[in-house]
Amino acid sequence: MNYAPETESFFKRVYAVVRQIPNGRVTSYGAIAKYLGAARSSRMVGWAMNGAGKYPDIPAHRVLNRAGVLTGKHHFPGTHLMQQLLESEGIVVINDQVADFKNLFWDPVLALGMEE
DNA sequence: CAAGTGACTCCTA
DNA sequence: TTAGGAGCCACTT
């Protein structure tokens with residue numbers, strides 16, 4: 001990996017947040033980006049998740065887009081592995097979209113409280 | 001070195 | 001209301 005130290009740090013921050021997502025809850029790329037102070041760099045959060053596959057402790061399946069759609073499910077090994085993982089946590093997924101996403105949404109800014 | 005791509009989001013018509 | 005375009009940062013080619 002040729003990731004610059006700063007980028008790697010950004011990745012770690014993303015992982016730290018994703019790792020703290022409670023079981024059965026989900027969040028969005030934008031929420032994480034906002035918590036990290038990079039609300040306009042939500043794409044980078046997704047890119048960070050791309051490298052999260054190397055970390056077994058990173059529940060990337062709990063990270064969805066702002067609409068609660070499983071946009072990144074194609075990046076998982078299995079075709080519907082992401083949906084299965086969410087369902088195993090009690091989350092209902094319909095048509096690649098999380099049901100009652102608004103209620104299951106976990107905002108790191110509120111949960112962790114902008115400590116940075 | 002320059003252009004293209006993407007696990008996104010927001011603004012405007 | 002839905003649909004479309006621009007902005008964003010880092011990586012790849």
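No hydrogens, no waters, no symmetry mates; every other heavy atom, side chains included, goes into these values. Remember, it's a predicted structure, so these values are computed and weren't measured experimentally. Here is how names work: the chains are called A, B, and so on, in the same order as the sequence lines, proteins then strands, and each is numbered from 1.
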Using the 3.5 Å cut-off, write out each protein N or O paired with an N or O of nucleotides 9-13 of chain B and the distance between them.
| unit_1 | atom_1 | unit_2 | atom_2 | d |
| --- | --- | --- | --- | --- |
| B/dT9 | OP1 | A/Gly30 | N | 3.0 |
| B/dT9 | OP1 | A/Arg66 | N | 3.3 |
| B/dT9 | OP2 | A/Arg66 | N | 2.6 |

Heavy atoms only, 4.0 Å cut-off, all strands: where does A/Ala48 land among base, sugar-phosphate and nothing? nothing
With a 4.5 Å heavy-atom cut-off, do A/Phe105 and A/Thr27 have their side chains touching? yes
Between residues 87-104 of chain A and DNA chain B, which residues have a heavy-atom gap below 4.0 Å? none
With rounding to the closest Å, how many angstrom separate the P atoms on C/dA6 and B/dG4? 15 Å
Under 4.5 Å between any side-chain heavy atoms of A/Tyr29 and A/Val14, yes or no? no
Any A/Trp106 side-chain heavy atom under 4.5 Å of A/Gln20 side chain: yes
Paired with A/Leu70, the side-chain contact (heavy atoms from CB on, under 4.5 Å) test is passed by just one of A/Asn65, A/Asn95, A/Leu86, namely A/Leu86
Could you write out each protein N or O paired with an N or O of nucleotides 1-4 of chain C at a distance under 3.5 Å?
none

Residues of residues 68-79 of chain A with any non-hydrogen atom less than 4.0 angstrom from an atom of DNA chain B: list those, numerically ordered, please. A/Thr71, A/Gly72, A/His75, A/Phe76
When Ile, Leu, Val, Met, Phe, Trp and Tyr are grouped by side-chain heavy atoms lying under 4.5 Å apart, directly or through other members, which residues fall in the same group as A/Val92? A/Ile94
Touch class at under 4.0 angstrom, heavy-atom based, for A/Arg40 against every strand present: sugar-phosphate
Across all chains, not counting sequence neighbours, the side-chain hydrogen bond (donor to acceptor under 3.5 Å, both in side chains) partners of A/Glu89 are A/His61, A/Arg62
Nearest to the side chain of A/Arg43 - C/dG7, B/dA7, C/dA10? C/dG7
